[in-house]
Amino acid sequence: QVQLVESGGGSVQAGGSLRLTCIASGRALRDYNMGWFRQAPGKERESVAVIRWDGRSIWHEDSVQGRFIISRDDAKDTIYLSMNQLRPEDTAVYYCAAGSTIINGKNGMKLVGDYWGQGTQVTVSS
């Protein structure tokens with residue numbers, strides 16, 4: 001089993017930056033594809049970013065491309081989501097996920113989440 005714990009969320013003004021951190025325990029992250037998802041009130045959960053198990057392939061959702069960057073440090077069993085130029089529409093609970101399956105298609109890399117963190121709140125005010 002893998003346990004995931006997110007941190008780094010908070011409140012920030014539009015245009016500001018945050019870095020989310022997800023630390024794993026139980027199993028090393030080197031064996032897993034990883035991703036970040038978010039869910040805003042009244043909306044479905046959406047995939048934000050995906051990074052393959054070896055870090056050689058990444059995908060970012062169109063609305064965050066150029067603003068967010070997913071990265072991983074397997075030596076620390078940690079992944080990050082660096083968020084810059086935050087917008088009010090980025091407000092959501094952000095979840096870290098780990099999974100063994102990525103589906104590659106015309107819409108990008110889809111991570112099938114097998115393990116999930118509890119989420120961290122990101123609030124962006126205008």
Paired with Val64, the side-chain contact (heavy atoms from CB on, under 4.5 Å) test is passed by just one of Arg87, Met83, Arg38, namely Arg38
Q: Please confirm whether the backbone N or O of Gln39 pairs with a side-chain atom of Glu44, one donor and one acceptor, at under 3.5 Å?
A: no
query = Would you call Thr120 and Val93 a side-chain contact if the rule is heavy atoms closer than 4.5 Å?
reply = no
May I ask you to establish whether Arg45 and Tyr95 are in a cation-pi arrangement, using a distance under 6.0 Å from NZ or CZ to the six-membered ring centre and at most 45° from the ring axis? yes
Checklist entry - Is there a donor-acceptor pair closer than 3.5 Å between any side-chain N or O of Thr91 and the backbone N or O of Thr123? => result no
Q) Between the side chains of Asp73 and Thr78, is a donor N or O closer than 3.5 angstrom to an acceptor N or O? A) no
Q: Taking the side chain as every heavy atom from C-beta outward, state whether Cys22 and Trp36 have any atom pair closer than 4.5 Å.
A: yes
Are any side-chain N or O atoms of Asp90 and backbone N or O atoms of Val122, one a donor and one an acceptor, separated by less than 3.5 Å?
no
Closest non-hydrogen contact found for Leu81 with Ala49 is CD1-CB, 4.2 Å
Evaluate whether atom CD1 of Ile69 has more than 12 neighbouring non-hydrogen atoms of other residues, nucleotides or ligands under 6.0 angstrom away.
-> no
Residues Val2 and Ala24: closest non-hydrogen pair is CG1-CB, 4.2 Å
Handout entry: Asn104 side chain to Met109 backbone, donor-acceptor under 3.5 Å
Key = no
Distance col, row Ile102:CD1 vs Arg52:CZ, nearest 0.5 angstrom, shows 7.5 Å
Quiz prompt | Exam field: side chain Arg67 to backbone Gln85, donor-acceptor pair closer than 3.5 Å | solution = yes
Legend entry - Min side-chain heavy-atom separation His60-Ile70 under 4.5 Å: yes
> What do you reckon, is CD of Gln118 surrounded by more than 12 foreign heavy atoms closer than 6.0 Å?
Replying inline: no
In this structure, SG of Cys96 is separated from CD1 of Ile79 (nearest 0.5 Å) by 3.5 Å
For Trp53, the hydrophobic cluster (side chain heavy atoms closer than 4.5 Å, chained through members) also holds none
Side chains of Leu111 and Phe37: does their closest heavy-atom pair fall under 4.5 Å?
yes
Side-chain (Glu61) to main-chain (Gln65) donor-acceptor, under 3.5 angstrom: no
_Salt-bridge present (Arg30, Asp77; N to O < 4.0 Å)_ = no
Closest non-hydrogen contact found for Ser126 with Ala14 is CA-CB, 4.3 Å
Quick one: does Leu20's side chain get under 4.5 Å of Ser7's, heavy atoms only?
no
**Test: Lys76 and Asp74 ion pair at under 4.0 Å** = no
Is the shortest side-chain heavy-atom distance between Ile58 and Val50 below 4.5 Å? no
Nearest heavy-atom contact between Trp59 and Ser47 is CZ3-OG, 3.3 Å
Q.
Does any part of the side chain of Asn84, heavy atoms only, come nearer than 4.5 Å to the side chain of Phe68, both counted from C-beta?
A. no
| said: When you compare the side chain of Met34 with that of Leu4, does any pair of heavy atoms fall below 4.5 Å? | reply: yes
